[in-house]
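Contents: one structure, followed by commentary.
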Amino acid sequence: MEMAARGQTVLLSAPYGFIPLHVRGGAVIPMQAPNTTTAQSRKNPFSLLVVLSDQATASGYLYLDDGESLDIIETEDYSLIQYSVMEGFLGSELIGGHGCSVAGVAVLGGIQVFGLTSPPTTVSMNGTVLPNASIEWDQTNKVLGVQLTISNMNYAFNVTWR
């Protein structure tokens with residue numbers, strides 16, 4: 001992993017089978033490990049990649065539906081989830097659809113926050129301080145890693161770091 005500040009020229013190695021990923025500050029990107037089929041992929045937990053802007057904010061969306069039904073938009077059988085970060089607060093909110101069954105069983109298993117300047121002293125989820133075993137700080141790259149289990153992504157949650 002290499003991180004560069006604005007205005008720098010960086011030479012990246014990209015051997016065969018490796019795709020360099022560049023993410024602009026201010027993004028929240030939901031990610032999920034692939035598998036051989038959609039049904040198998042759904043069993044893998046999601047994670048959030050948070051890349052803070054210069055103002056320490058970020059936002060992003062996740063759209064989920066069952067991948068099979070027709071007329072999803074008309075029946076609102078989908079989930080459109082918004083993620084917002086501001087001042088050490090990551091919040092989620094269902095902003096579209098009625099909450100699909102896939103999001104109801106999808107698990108959010110972790111969060112990575114890039115762009116912090118120092119390690120947080122506490123990390124909380126929904127107001128409850130998380131144990132140190134759930135928190136990882138990469139001093140070299142200034143990345144906060146949080147392991148958690150949110151078993152229904154249709155419901156709002158928040159994670160704070162101070």
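Note: hydrogens, waters and symmetry copies are ignored here, and every other heavy atom, side chains too, is used.
- Hydrophobic clustering keeps Val159 apart from Val107 (ILVMFWY residues linked when any side-chain heavy atoms are closer than 4.5 Å, directly or through intermediates).
- Between Tyr61 and Leu80, the closest side-chain pair of non-hydrogen atoms falls below 4.5 Å.
- Linking ILVMFWY residues whenever their side-chain heavy atoms come closer than 4.5 Å, directly or via other members, places Val23 and Phe114 in the same cluster.
- In this structure, Glu136 places its CD atom where only 12 or fewer heavy-atom neighbours from other residues, nucleotides or ligands lie under 6.0 Å away.
- With Asn35 contributing its side chain and Thr37 its backbone, the two residues share no donor-acceptor pair below 3.5 Å.
- For the atom pair CG (Leu64) and CG (Asp77), the distance works out to 11.5 Å, reported to the nearest 0.5 Å.
- For Ser47 against Leu108, the heavy-atom pair with the smallest separation is CA-CD1, 3.7 Å.
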Q: Test Leu48 against Leu62 for side chain to side chain contact (heavy atoms under 4.5 Å, CB included), laying out the working first.
A: CA-CA 10 Å; Leu48 295 178; Leu62 173 63; over 6 Å; no
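- Put simply, the side chain of Leu144 does not reach to within 4.5 Å of the side chain of Val50, judged on heavy atoms.
- Put simply, CE on Met125 and CG on Leu148 are 5.5 Å apart, with the number rounded to the nearest 0.5 Å.
- Between Ser13 and Phe18, the closest side-chain pair of non-hydrogen atoms is not below 4.5 Å.
- Surrounding CD of Glu74 are more than 12 heavy atoms belonging to other residues, nucleotides or ligands, all under 6.0 Å away.
- The minimum heavy-atom distance linking Ser92 with Ala156 is given by the pair O-CB, 3.3 Å.
- Linking ILVMFWY residues whenever their side-chain heavy atoms come closer than 4.5 Å, directly or via other members, places Ile95 and Ile73 in the same cluster.
- Using modelled atom types, one side-chain atom of Thr121 and one backbone atom of Arg162 make a donor-acceptor pair closer than 3.5 Å.
- Across all non-hydrogen atoms, the minimal contact from Asn154 to Leu94 is O-CB, 3.7 Å.
- At least one donor-acceptor pair under 3.5 Å links the side chain of Thr75 to the backbone N or O of Asp71.
- When all heavy atoms are compared, the tightest approach of Cys100 to Ser79 is N-OG, 2.8 Å.
- Atom-to-atom distance recorded for Tyr83:OH and Leu90:CG is 8.5 Å, nearest 0.5 angstrom.
- Closest approach of Ile135 and Leu130 over heavy atoms only: CD1-O, 3.9 Å.
- Here Glu76 contributes atom CD and His98 contributes atom NE2; the two are 4.0 Å apart, rounded to the nearest 0.5 Å.
- No side-chain heavy atom of Phe46 sits under 4.5 Å from any side-chain heavy atom of Ile150.
- Using a 4.5 Å heavy-atom threshold, the side chains of Val123 and Trp137 count as separate.
- Looking only at distances, a side-chain donor or acceptor of Asn126 sits under 3.5 Å from a matching main-chain atom of Asn158.
- Applying the 6.0 Å contact sphere to OH of Tyr155 captures no more than 12 heavy atoms from other residues, nucleotides or ligands.
- Considering all non-hydrogen atoms of both residues, Ala33 and Asn44 come closest at O-ND2, 2.8 Å.
- Note: the hydrophobic cluster containing Val143 also contains Met31 (ILVMFWY, side chain heavy atoms under 4.5 Å, direct or indirect links).
- Under a 3.5 Å cut-off, the side chain of Gln32 and the backbone N or O of Ser41 do form a donor-acceptor pair.
- You'll find the side chain of Trp161 stays beyond 4.5 Å of the side chain of Val146, heavy atoms only.
- If you take CZ on Arg24 and CD1 on Ile29, they are separated by 12.0 Å, rounding to the nearest 0.5 Å.
- A distance of 6.5 Å separates CG in Leu49 from CD in Gln112, rounded to the nearest 0.5 Å.
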